[in-house]
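To start, the structure under review is shown below, and the notes come after it.
In what follows, every heavy atom counts, from backbone to side chain, and hydrogens, waters and symmetry copies are set aside. Proteins come first, then strands; the chains are lettered A, B, ... in the order of their sequence lines, and each starts at number 1. Model, not experiment: these values are computed from the prediction.
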Amino acid sequence: MSREPAALQTAYRDAACGQVDASWVDKEMQIIGWVHRRRDLGGLFFVDVRDRTGLLQLSFGPDWSTSDALGLVAELNPEDVIQARGVVALRPDPNADMLTGEVELRVSELERVSVSDPLPILVYQPPEEDLPSEELRLQHRILDLRRPEMQHNLRLRHAATNAIRASLSEQGFCEIETPLLTRQTPEGARDYVVPSRVHKGQFYALPQSPQLYKQLLMCGGFDRYFQIAKCLRDEDLRADRQPEFTQIDVEMAFVRQDDVFNAAEQMFQRIWKDCMDRDLPGAWERLPHAQAMERFGTDKPDLRIPWEIQDFTDVLTGIGFGIFDATKSAGGRVRGFVVKGGASLSRSRVDAYNELAQEAGAKGALWLKRSEDAWSGQPSKVIGDDVSAELVAQFGIEPGDLVFLVAGEDDLTSRALDLLRRTVAHELDAVATDEEHWLWISEFPLYLKDAETGLPVPAQHAFTMPSNPDPDLIRDDPLSVTAVAYDIVYNGIEFASGSIRCHLPEVQRVILEATGLSPEEIEARFGFLLEAFRYGVPPHGGYAVGLDRVVAVMVGAASLRDVIAFPKTSAARGLLEQSPSNVDPAELKELGIRVDT
RNA sequence: GGGGCUGUAGCUCAGCCUGGUUAGAGUGCCGGUCUGUCACACCGGAGGUCGCGGGUUCGAAUCCCGUCAGCCCCGCCA
């Protein structure tokens, strides 16, 4: 991934442990590191000494070690820090599994630089034993971080940010920091809030993203900005969601969508090249949001799964199957997908998928199996020869295939079919894990309908350019308007999202008003942005990459916690530093805060 | 806010469903033997509030209720 500097030598060491190779043979040297494993053979001792570069075997024997060294080596604990001096020699019996397995350091003198207490969790990972529980790993994070996997993850993360800085800098971007102490803006998620001592009763908000600032920077004449930005959201956690996370935040002025796509593709190509030594294609596939929902039921489709959702309404209605006919007359559709070779799934399996569809909010999932000469499944009784022929012709259903069908409103069927498609594909091993799909999802709707109030709420954020910036259309039929907004989806994972921003103040006001905000509220919350828009706004847009997620994919981590040095638990606690914690009452008083518990 | 899984020796786990002598294994730790190991080997030893509280029972690691913590998911969150 990244090249080590040739010289890691310091006053304590002539080389790092993993750097010692045959070229060192017969040379006298000193080395320093942690005691990884010790093997005591009575008269001889072997110690594997470790630093982040790897392991080096030290050997101790009466013919080449001082008696002090022999006395000390017998007492070493795992994770003591030791410094050894001696001569490098070829091993009589090399260890091919070890990076430095050809050689060893025959130690003459040994010094214990730091003593380790007995370990609560081992750094050395016994074969075929599970890692210590996540709780203990986080509590004793410094020991956990010493493991090669964590070392690798965080160093690859570093390599990724290096590649990002290099690519963006070469493309003319300027890295600028924006405030952490800022003001609340209604951006969907709950804010973390910081009390002001100087202004009692008032609070700063920690940013959910630098969104407004980066747009202000565009207005401020920095036509290409980026930042590796900490973002904070006070929402419940998931394996792929931390309250504190990092975005590669990018914004460009004087651009249209294609310019942004091009810049982002270049950046990811650079990351993949520098960190994984792989060439990514540019000009990624583009899929409008509406099509993604139609064909895959989700705005982040995993294209490694071959099956696509299709519309069965015309073929399966009017043939005497009540559920389908009722769905159609209620304005719904019958949608489904064909599982190639899925007829081998057991009845109980298929029933379990029905329950899954119900959990997703659908009435249930019906199924159809085709064998050599017959159909089975709930609707099979009404499938005559005509319908059978139609199914085969239109959907390519072959003997041995299984079809899942969900009837209802598109919102519900999409959700259920997406969940089924992914679950069944994983269980049947139908995911082409050797493929990599980079995908732009574009033309997101500008608004979504709020389930409770029925009001349009911005689908992205409120500063997105409509595809058709017609104020009348936005006023009259806001939910029909699409936005110049896009996501990067990699194998079903949302890597990034962004948009072209609305630089037209009069359109921006209409967009905000359509969400039910009064002009006074708009002025109070976004006045500083609209003010900036009065003095010549460059057309601009950008995107933000979820760095933690990208790195997690690069290293194959199941959880973001494995690519963050000091992450929070799923209850948003820091186990190492024991956060959050109570605050001294005197301090609270100074802040003018009384705590109700 | 809701649902699910987990919690037993320093660590990783078995035992729990079907309650019953003294709660086991591996590893780590301590002591001993061993001059070419690399998961060193061999011998011996210590180590337990079965997360915590309550209940049922003659008897609870085991059954029930509550609670705490970790993990996963829904809600929430781009």
Side-chain angles (χ1 to χ4, degrees), chain A residues 36-49 55-65 70 74-75 77-79 89-98 100-101 104 106 117-140 143-144 187-191 208-209 211 231-243 245 247 299-300 356 359-361 415 419 441 444 448 451-452 457-461 464 485-489 493-499 543-546 549 558-559 561 568-573 575:
Chain A
H36 189 65
R37 300 278 286 171
R38 190 183 52 152
R39 293 174 290 281
D40 175 354
L41 274 61
L44 288 181
F45 295 85
F46 299 94
V47 173
D48 294 332
V49 64
L55 296 172
L56 176 68
Q57 175 166 286
L58 310 181
S59 68
F60 298 77
D63 296 344
W64 61 89
S65 305
L70 285 172
E75 291 177 11
N77 306 316
E79 301 306 314
L90 286 171
R91 294 201 209 175
D93 198 3
N95 182 347
D97 297 332
M98 206 171 162
T100 61
E104 65 182 12
R106 303 190 137 214
D117 278 352
L119 301 172
I121 60 173
L122 303 182
V123 176
Y124 162 77
Q125 177 60 22
E128 287 164 40
E129 188 166 299
D130 292 346
L131 284 178
S133 70
E134 188 109 32
E135 194 173 356
L136 285 163
R137 287 178 53 205
L138 293 177
Q139 246 166 49
H140 306 286
L143 293 173
D144 189 52
E187 236 189 305
R190 213 173 283 125
D191 289 307
Q208 298 180 28
S209 82
Q211 181 60 38
C231 302
L232 300 110
R233 291 181 188 157
D234 186 6
E235 296 292 346
D236 286 349
L237 288 78
R238 292 286 186 279
D240 62 351
R241 234 196 273 160
Q242 283 273 315
F245 61 101
Q247 283 190 345
D299 59 7
K300 38 177 191 287
L356 195 67
E359 280 165 31
R415 246 179 88 105
L419 185 63
I441 304 292
F444 276 76
L448 297 172
E452 281 158 32
V457 287
Q460 312 279 315
H461 51 66
T464 303
Y486 36 80
D487 279 2
I488 296 173
V489 172
I493 300 166
E494 183 191 314
F495 264 8
S497 82
S499 64
Y543 62 94
V545 176
R549 280 185 194 174
S559 158
R561 292 183 298 276
K568 300 286 186 283
T569 67
S570 67
R573 226 190 288 276
L575 291 185

Which residues satisfy the salt bridge (Lys or Arg N to Asp or Glu O under 4.0 Å) test with [X], sequence neighbours excluded?
{"X": "A:Arg106", "result": "A:Glu104"}
{"X": "A:Arg415", "result": "none"}
{"X": "A:Asp48", "result": "A:Arg39"}
{"X": "A:Glu79", "result": "A:Arg50, A:Arg146"}

Distance, [atom1] atom - from [M] to [N], rounded to whole angstrom:
{"N": "B:G3", "M": "B:C76", "atom1": "C1'", "answer": "15 Å"}
{"N": "B:U22", "M": "B:A14", "atom1": "P", "answer": "25 Å"}
{"N": "B:C43", "M": "B:G51", "atom1": "P", "answer": "33 Å"}
{"N": "B:G15", "M": "B:C50", "atom1": "C1'", "answer": "10 Å"}
{"N": "B:U27", "M": "B:A69", "atom1": "P", "answer": "35 Å"}
{"N": "B:U67", "M": "B:C30", "atom1": "P", "answer": "42 Å"}
{"N": "B:C64", "M": "B:G2", "atom1": "C1'", "answer": "22 Å"}
{"N": "B:C63", "M": "B:G20", "atom1": "C1'", "answer": "14 Å"}

Return the nucleotide paired to [N]: Watson-Crick means purine N1 to pyrimidine N3 with N6-O4 or O6-N4, wobble means G-U with N1-O2 and O6-N3, both under 3.5 Å.
{"N": "B:A39", "value": "none"}
{"N": "B:C76", "value": "none"}
{"N": "B:C16", "value": "none"}
{"N": "B:G26", "value": "B:C11"}
{"N": "B:G48", "value": "none"}
{"N": "B:A60", "value": "none"}

- Can you name the nearest heavy-atom pair linking A:Tyr543 to A:Val545, along with the distance? CE1-CG2, 3.6 Å
- Query: Can you list the residues that meet the ring-ring contact (aromatic ring centres under 6.0 Å, His included) rule with A:His36, with sequence neighbours excluded?
  - Reply: A:Tyr124
- Looking at residues at least two apart in the chain, or sitting in another chain, which of them share a ring-ring contact (aromatic ring centres under 6.0 Å, His included) with A:Tyr486? A:Phe261, A:Trp440
- Query: OP1, OP2 of B:A78 versus side-chain N and O of A:Gln208: anything below 4.0 Å?
  - Reply: yes
- Phosphate oxygens OP1/OP2 of B:G70: is one of them under 4.0 Å from a side-chain N or O of A:Thr569? yes
- 5′-ward residue of the pair A:Lys568/A:Gln460 relative to RNA chain B: A:Lys568
- Message: Under 4.0 Å, counting only non-hydrogen atoms across every strand here, what does A:Leu131 touch: a base, just sugar-phosphate, or nothing?
- Response: sugar-phosphate
- Query: Heavy atoms under 4.0 Å, any strand shown: does A:Ala571 hit a base, just sugar-phosphate, or nothing?
  - Reply: sugar-phosphate
What residues, two or more places apart in sequence or in another chain, satisfy side chain to side chain contact (heavy atoms under 4.5 Å, CB included) together with [X]?
{"X": "A:Glu494", "value": "A:Lys300, A:Asp487, A:Ser497, A:Arg549"}
{"X": "A:Pro458", "value": "A:Ala462, A:Thr515"}
{"X": "A:Leu237", "value": "A:Gln242, A:Pro243, A:Lys568, A:Ala572"}

Tabulate atom names and distances for all N/O pairs under 3.5 angstrom spanning the protein and nucleotides 2-10 of chain B.
from  : atom 1 : to       : atom 2 : distance (Å)
B:G10 : O2'    : A:Pro120 : O      : 2.8

- Return the nearest nucleotide to the side chain of A:Leu448; candidates are B:U12, B:A78, B:G70. B:A78
- Task: Treat primed atoms plus P, OP1 and OP2 as sugar-phosphate and everything else as base, then score nucleotides 33-42 of chain B 5' to 3': B for base contact with protein heavy atoms under 4.0 Å, S for sugar-phosphate contact only, - for none.
- Result: -BBBBBBB--
Between the protein and nucleotides 72-75 of chain B, which nitrogen or oxygen pairs come in under 3.5 angstrom?
from  : atom 1 : to       : atom 2 : distance (Å)
B:C72 : OP1    : A:Arg561 : NH1    : 3.4
B:C72 : OP1    : A:Arg561 : NH2    : 2.9
B:C73 : OP2    : A:Ala239 : N      : 3.2
B:C74 : OP2    : A:Arg238 : NE     : 2.9
B:G75 : OP1    : A:Arg415 : NH1    : 3.3
B:G75 : N7     : A:Arg238 : NH2    : 2.7
B:G75 : O6     : A:Arg238 : NH1    : 3.0
B:G75 : O6     : A:Arg238 : NH2    : 3.2
B:G75 : N1     : A:Asp236 : OD2    : 2.7
B:G75 : N2     : A:Asp236 : OD2    : 3.3

